[in-house]
Amino acid sequence: MYTFKKEERLCSEKLIQGLFSSGSSFILYPFRITWMAASDESAQLVRVVISVPKRNFKRAVDRNVIKRRIREAYRLNKQELLYQQIEGKNRIVLSIHYVGKEIFPFSFVEKKLKSTLLKLSDEFHEKVVD
RNA sequence: CGGGCAAGCCGUUCUAUCGCUUCAAUUAAUUUUGAAGAGGAAAGUCCGGGCAACACAGAGCAUCCUGCUUCCUAACGGGAAGGAUCCUGGUUAACAGGAGACGGAAAGUGCCACAGAAAAUAAACUACUGCUGAUUUCUGAUCGGCAGAAAAGGUGAAAACGUGAGGUAAGAGCUCACGGCUUUGAAUGGCGACAUUCAUCGCGGUAAACCCCAGGAGUUGAAAGACCAAAUAAACCCCGGUUACGGAGCUGCUCGUUCCUAAUACUUGUAUUACCGGGAAGGGUAGGUCGUUUGAGCGUAUCAGCAAUGAUACGCCUAGAUAAAUGAUAGAAGCCCCCGAUUUAUCGUGGGAACAGAACCCGGCUUACAGGCUUGCAUUUUUU
RNA sequence: GCAUGCGUAGUUCAAUGGAUAGAAUGUCAGAUUCCGGUUCUGAUGAUGGGGGUUCGAAUCCCUUCGCGUGCA
């Protein structure tokens, strides 16, 4: 389903602390992905944080626009690119950090996010095999 | 008709697919259905309140803010109406338009660079007037002394209120007339600021310099605060306290006022135990609910008022998120711009749509804003 | 959300309301050297923006922009 509810977002402060201190990360412009394999048996396969820095975008409108585009692209593509790769009790905690300096249209954001998710699933597979 | 200025208002709409948040009903189920879902500034946080916690016998000082009058308001540094001042236009009159933090310089202190004789208790200098000394080429000139006086010196942002007359050795608001600003008192008009008239006192600027006068301000802000859940330490160590020139509380300070332990031992002022206060070190939580959206609320009509605004009646319920909902894609309509075509108001292709996102809630102020509408003002051109 | 501080040459700092905003360093040019460095001489360059008070504003006041800091 193309849904994106509250439960799929990462709100726990402890988990976020653990994610940024011990998670692995890579950059695929204009995103920086930080992710970590979790093993607790929550209902959601993937939990995600989307953040846009105030340093690069002063106005709240601009930050909202970027976040809405990322969220929409993630909602439309997560099912086939990410969820089908996950088996068993493996769970992913994920942070999408926007590092671009300008606002891109939706088509560009969607294309980049697709390749990002593909790379993420590759890395996840390597870890699971190890 | 065109552009300009001022004030007020609007701030794209609809359809389809896939989603997000809240509420209501429903379901075995976050299952399904329905309803609602950013602004004029939500912004800056510059003012004022509500609300909450803490504090509070009382007085004074300090600190900060405000500053023509009356009214509006819950309140305001906001608004309305008016007054005086200044600027612009004008027949320099009436009047019209605009502007501003608009109490006091006659309580006191300070400051006023450069230039200039002098920048504030006026007067050193040049020049002026009277008396007088010396020299000499003797109705005069040169060099001085004493006294008077504040008119002349054209520098400056500003020169001791301005003009004229009298007066005098020379002069001076020294006196008088007219005029400007101003203090105090009286009369008249006005709720009042103030205006007019009469008398009287005075005459540099600066209070967004210190200051004086009048009025006001308890402190902290939803990370306030209340409840639930979870966790727990009443452990150990150090310092201080036992009746007073000490300590603590009461707003930063002062006055003033209120409060301030017991037992045991012996060497009778020390120790131990308990108690009170503070510190260090260490451990735990860092989730949820309420506060929180029905309110100084919005719309319409009538009445009162010059107006801001208020009163009455009827109707309406209109976001409530919390690592942050209100979105994405496609199409259509209308608007604007560029290009091309012609029939000069139509068609076609392409592009654009501002400033900006609620975070406890209101009232203002300030700032940002594509494009459009309405009203008023003055102006240009054309037609009659 | 609330409270609070700062803004001066490219950089680091000065300046009591008063003349052309000063010093060090940097940059550029010249001299010195066979060349470079050092040294010497000269030049360059600033009060975040707007408005007001004042004869006069970096300084005083208002407004705005930017950069920080703190909180349970």
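Naming: A, B, ... by sequence-line order, numbering from 1 per chain. Below, each value reflects all heavy atoms present in this structure, side chains not excepted, and no hydrogens, waters or symmetry copies. The structure presented is a predicted model; accordingly, all values stated were derived computationally and were not measured.
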>> Going by purine N1 to pyrimidine N3 plus the second Watson-Crick contact, or the G-U wobble pair, all under 3.5 Å, which nucleotide sits opposite G277(B)?
In response: C239(B)
>> In whole Å, measure the gap between the C1' atoms of G48(B) and G77(B) for me.
In response: 9 Å
>> If I pick the P atom on A296(B) and the same atom on C361(B), what distance separates them, to the nearest angstrom?
In response: 13 Å
>> What is the separation between atom CD on E110(A) and atom P on G19(B), rounded to the nearest whole Å?
In response: 15 Å
> Are F108(A) and V52(A) linked, directly or through other ILVMFWY residues, by side chains that come within less than 4.5 angstrom of each other?
Replying inline: yes
> When you compare A80(B) with C46(B), how far apart are their C1' atoms, in angstrom units rounded to a whole number?
Replying inline: 23 Å
> Which whole number of Å gives the distance between the P atom of C6(C) and that of U25(C)?
Replying inline: 30 Å
>> Taking syn as a glycosidic torsion within 90° of 0 and anything else as anti, which one is U268(B)?
In response: syn
> For U293(B), is chi within 90° of 0 (syn) or not (anti)?
Replying inline: syn
> Which value, in whole Å, describes the distance between the P atoms of nucleotides C191(B) and C71(B)?
Replying inline: 12 Å
>> When both hydrogen-bonding distances must be under 3.5 Å and the geometry is Watson-Crick or G-U wobble, what is C174(B) paired with, if anything?
In response: G166(B)
> Just how far, in rounded Å, is C1' of A328(B) from CZ of R69(A)?
Replying inline: 9 Å
>> Between P105(A) and S51(A), which residue's closest nucleotide on RNA chain B lies nearer the 5′ terminus?
In response: S51(A)
> Nearest of A324(B), A325(B), G19(B) to any side-chain atom of R75(A)?
Replying inline: G19(B)
> Syn or anti for U30(B), taking syn as within 90° of 0?
Replying inline: anti
> Taking the chi torsion of A38(B), is it syn (within 90° of 0) or anti (everything else)?
Replying inline: syn
> When Watson-Crick pairs (N1 to N3 and N6-O4 or O6-N4) and G-U wobble pairs (N1-O2 and O6-N3) count only below 3.5 Å on both distances, what is the dot-bracket string of RNA chain C, with | for other-strand pairs?
Replying inline: (((((((..((((....[...))))((((((.......))))))...(((((..]....)))))))))))).
Any protein N or O atoms within reach of nucleotides 354-358 of chain B? Criterion: under 3.5 Å, listing atom names and distances.
residue, atom, partner, partner atom, Å
A356(B), OP1, R59(A), NE, 3.3
A356(B), OP1, R59(A), NH2, 3.4
G357(B), OP2, A60(A), N, 3.4
G357(B), OP2, V61(A), N, 3.3

>> Measuring to OP1 and OP2 of A324(B), would you say a side-chain N or O of R71(A) lies under 4.0 angstrom away?
In response: no
> Looking only at atom C1', what distance separates A53(B) and A223(B), rounded to whole Å?
Replying inline: 14 Å
>> To the closest 0.5 Å, what do you measure between NE2 (H97(A)) and CD1 (I50(A))?
In response: 12.5 Å
>> For S107(A) and I50(A), find the nucleotide of RNA chain B closest to each by heavy atoms; which residue's nucleotide sits nearer the 5' end?
In response: I50(A)
> Between CG of L117(A) and CZ of F31(A), what distance do you get to the nearest 0.5 Å?
Replying inline: 9.0 Å
>> With a 3.5 Å limit on both atom pairs, tell me what U32(B) is paired to, counting Watson-Crick and G-U wobble, or say none.
In response: A25(B)
> Using atom P of each nucleotide, how far apart are G348(B) and C335(B) to the nearest Å?
Replying inline: 13 Å
>> Taking the C1' atom in each of G17(C) and C61(C), what is the distance between them to the nearest angstrom?
In response: 14 Å
> With both distances kept under 3.5 Å, what pairs with U183(B), Watson-Crick or G-U wobble?
Replying inline: none
>> Which nucleotide, if any, forms a Watson-Crick or G-U wobble pair with A271(B), using both distances under 3.5 Å?
In response: U264(B)
>> Within this structure, what is the CG-CG distance for the pair L120(A) and D122(A), rounded to the nearest 0.5 Å?
In response: 9.0 Å
>> If I take atom CZ in residue F106(A) and atom P in nucleotide U329(B), what distance separates them, rounded to the nearest angstrom?
In response: 6 Å
>> Using whole Å, what does the distance between atom P of nucleotide A323(B) and atom CD1 of I70(A) come to?
In response: 18 Å
Identify all side-chain donor-acceptor contacts of residues 60-73 of chain A below 3.5 Å with residues at least two apart in sequence or on another chain.
residue, atom, partner, partner atom, Å
R63(A), NE, F57(A), O, 3.1
R63(A), NH2, K58(A), O, 3.0
R69(A), NH1, F104(A), O, 2.9
E72(A), OE2, R75(A), NH2, 2.5

> Since syn is defined as within 90° of 0, does G40(B) count as syn or as anti?
Replying inline: syn
> Between atom CG in L76(A) and atom C1' in A330(B), what is the gap in whole Å?
Replying inline: 14 Å
> Considering Watson-Crick and G-U wobble pairs with both distances under 3.5 Å, what does C211(B) pair with?
Replying inline: G104(B)
> E72(A) has a side chain; which of U329(B), A324(B), G327(B) sits nearest to it?
Replying inline: G327(B)
> How about K119(A): does its NZ atom have over 12 heavy atoms from other parts shown lying under 6.0 Å from it?
Replying inline: yes
> Considering Watson-Crick and G-U wobble pairs with both distances under 3.5 Å, what does G3(B) pair with?
Replying inline: none
> Quick one: N77(A) CG to A328(B) P, roughly how many Å, whole number?
Replying inline: 16 Å
>> Going by purine N1 to pyrimidine N3 plus the second Watson-Crick contact, or the G-U wobble pair, all under 3.5 Å, which nucleotide sits opposite A229(B)?
In response: none
